[in-house]
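Here the structure comes first, spelled out in structure tokens, and everything after it is commentary.
For ligands, and for the atoms within them, numbers begin at 1 and follow the listed sequence.
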Amino acid sequence: MAKIFCIANQKGGVGKTTTAVNLAAGLANLKKRVLLIDLDPQGNATMGAGIDKAGLGSSVYQVLLGMGNVQAATKTSETGHFDVLPANRELAGAEVEMVELEQRELRLKQALATVKDQYDFILIDCPPALSMLTLNGLCAAHGVIIPMQCEYYALEGLSDLVNTIKIVHAKLNPDLQVIGLLRVMFDPRMMLSQQVSAQLEQHFGDKVFKTIIPRNVRLAEAPSYGVPGVIFDAAAKGAQAYIAFGQELVERIG
Ligand code: ATP
Ligand code: MG
């Protein structure tokens, strides 16, 4: 049965989608069966996996509102060799439309019951908000992977996220745990990066992944080609780091 992980951080632009897409491709590279779920109306993970978000028939939106099943909405990333449950702008409406539904925080979890035996990993790319969409991700998952930049304000937002995870764990999803914090867009030349990185290790110990993702322009270029960075330029430092991260994750969850 699939291990289900949310890639979450309510701060915007911290590398959630880059992590989700490249981890999906990295795990696929290790011959794992992977489903990437785009839970963000921006549809960046969808595009980054090489799927045209404008031309989706059915998407995660229909799935959440009970108007379509996961299998019918799932596409394949030809460039990344994993499956994608895609999203586009339509998903922005789901937040409001779900208000009427019972157990609305459990819609994704319920939908995934039908496919979780078909995958080794299901990765959920969350939007930059502690919203009903993110809550659906947290309720469906076994764990959370938190990408963060090593800068001063990163720590401030982290406590809100960790608190939310604690509440979800206590009230809605006893399976949920923080799998780890992933340092991304790391610039070793910046003193502040080094300091914040050391602080994270002090406070969170083993919860900080050993792999560090460097700032690397090839990772930023890849989405415009609809190819995951780890495939786009496999030799680049960023790609290698995401491949190493996939291996570390597999070892960590044993
Ligand atoms: P949002 O909150 O809007 O969903 P996000 O947390 O998903 O954003 P990304 O979209 O992954 O963040 O990354 C933000 C920007 O930083 C993108 O332009 C991406 O290409 C770039 N980026 C991410 N990781 C790296 C990296 N390691 N090196 C260089 N650029 C990166
Ligand atoms: Mg994103």
Side-chain angles (χ1 to χ4, degrees), residues 5-26 36-51 53 59-60 77 79-80 84-89 91-92 94-95 123-138 144-151 153-158 160-161 164 180-190 193 196-197 209-246 248:
F5 297 135
C6 276
I7 322 299
N9 189 331
Q10 79 279 19
K11 281 174 80 80
V14 296
K16 292 180 289 295
T17 301
T18 304
T19 297
V21 169
N22 284 292
L23 180 59
L36 172 63
I37 301 179
D38 192 347
L39 210 48
D40 186 343
Q42 296 181 99
N44 293 344
T46 301
M47 296 292 279
I51 291 157
K53 67 181 175 186
S59 69
V60 73
S77 169
T79 56
V84 182
L85 178 54
N88 58 22
R89 284 171 51 196
L91 182 60
E95 197 88 29
L123 304 176
I124 305 172
D125 183 32
C126 289
L130 295 173
S131 60
M132 183 50 64
L133 289 171
T134 297
L135 190 57
N136 261 269
L138 295 177
V144 188
I145 295 166
I146 306 174
M148 45 189 310
Q149 285 177 262
C150 289
E151 37 176 59
Y153 290 116
L155 295 169
E156 215 175 24
L158 185 59
D160 292 335
L161 178 59
T164 301
L181 306 176
L182 178 66
R183 292 163 284 184
V184 300
M185 293 189 236
F186 192 79
D187 183 350
R189 292 164 307 178
M190 273 178 62
S193 296
V196 173
S197 175
F209 288 108
K210 295 212 165 45
T211 309
I212 298 180
I213 311 296
R215 189 171 281 283
N216 178 251
V217 69
R218 302 298 272 166
L219 288 173
E221 287 168 353
S224 62
Y225 297 88
V227 183
V230 300
I231 310 281
F232 179 64
D233 185 352
K237 282 215 167 75
Q240 303 242 311
Y242 271 116
I243 293 204
F245 174 54
E248 183 182 356

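- Scanning all protein heavy atoms for the shortest distance to atom 5 (P) of ligand 1 gives Lys16 N, 3.5 Å.
- Interface atoms of ligand 1 facing Leu219, defined by a heavy-atom separation under 4.0 Å, are 26 (C), 27 (N).
- Residue-ligand proximity, Asp40 to ligand 1, at heavy-atom distances under 4.0 Å covers atoms 4 (O).
- Remark: distances from the non-hydrogen atoms of Gly15 to ligand 1 include one below 4.0 Å.
- What sits closest to atom 25 (C) of ligand 1 on the protein, heavy atoms only, is Met185 CG, 3.4 Å.
- The minimum heavy-atom distance linking Pro128 with Gln42 is given by the pair CD-NE2, 4.0 Å.
- Under the 4.0 Å distance rule, the nearest protein heavy atom to atom 17 (C) of ligand 1 falls outside the cut-off.
- Side chain of Asn22 to main chain of Val230: a donor-acceptor pair is present (N/O by atom type, distance under 3.5 Å, no hydrogens or angles).
- Taking backbone and side chain together, Thr18 holds no N, O or S atom under 2.8 Å from the Mg ion (ligand 2).
- Counting heavy atoms closer than 4.0 Å to ligand 1, residue Pro214 contributes backbone atoms (N, CA, C, O) but none from C-beta onward.
- Of all the listed residues (Asn44, Val217, Asp125, Asn216), Asn216 holds the heavy atom that lies closest to atom 29 (C) of ligand 1.
- Side chain of Arg183 to main chain of Pro214: no donor-acceptor pair is present (N/O by atom type, distance under 3.5 Å, no hydrogens or angles).
- Under a 4.0 Å criterion applied to the non-hydrogen atoms of Val14, ligand 1 contributes the atoms 5 (P), 6 (O), 12 (O).
- When atom types are taken as modelled, the side chain of Thr46 and the backbone of Ala87 share a donor-acceptor pair closer than 3.5 angstrom.
- Looking only at distances, no side-chain donor or acceptor of Glu95 sits under 3.5 Å from a matching main-chain atom of Ser131.
- Looking at Tyr242 and Thr211, their side chains never bring a donor and an acceptor atom within 3.5 Å of each other.
- Residue Gly13 places a heavy atom less than 4.0 Å from ligand 1.
- Scanning all protein heavy atoms for the shortest distance to atom 10 (O) of ligand 1 gives Thr17 CB, 4.0 Å.
- A distance-only check finds a donor-acceptor pair linking the side chain of Gln240 to the backbone of Ala234 [under 3.5 Å].
- Each of the following atoms of ligand 1 lies closer than 4.0 Å to a heavy atom of Gly12: 2 (O).
- For Lys16 (side chain) and Lys11 (main-chain N/O), a donor-acceptor pair under 3.5 Å exists by modelled atom type.
- Side chain of Thr79 to main chain of Val227: no donor-acceptor pair is present (N/O by atom type, distance under 3.5 Å, no hydrogens or angles).
- In this structure a side-chain-to-backbone donor-acceptor pair under 3.5 Å is present from Ser224 to Glu221.
- When only interatomic distances are considered, the shortest N/O to N/O separation between Thr19 and ligand 1 does not fall below 3.5 Å.
- Scanning all protein heavy atoms for the shortest distance to atom 3 (O) of ligand 1 gives Gln42 NE2, 3.1 Å.
- For atom 23 (C) of ligand 1, the nearest protein heavy atom (residue, atom name, distance) is Thr18 OG1, 3.2 Å.
- The closest protein non-hydrogen atom to atom 30 (N) of ligand 1 is Ala220 CB, 3.7 Å.
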Checking Thr17 against Asp125 for the side chain to side chain donor-acceptor pair (under 3.5 Å) test, could you report, in this order, the C-alpha distance in whole Å, the side-chain angles of both residues, the deciding distance, and whether it holds? CA-CA 6 Å; Thr17 301; Asp125 183 32; 2.7 Å; yes

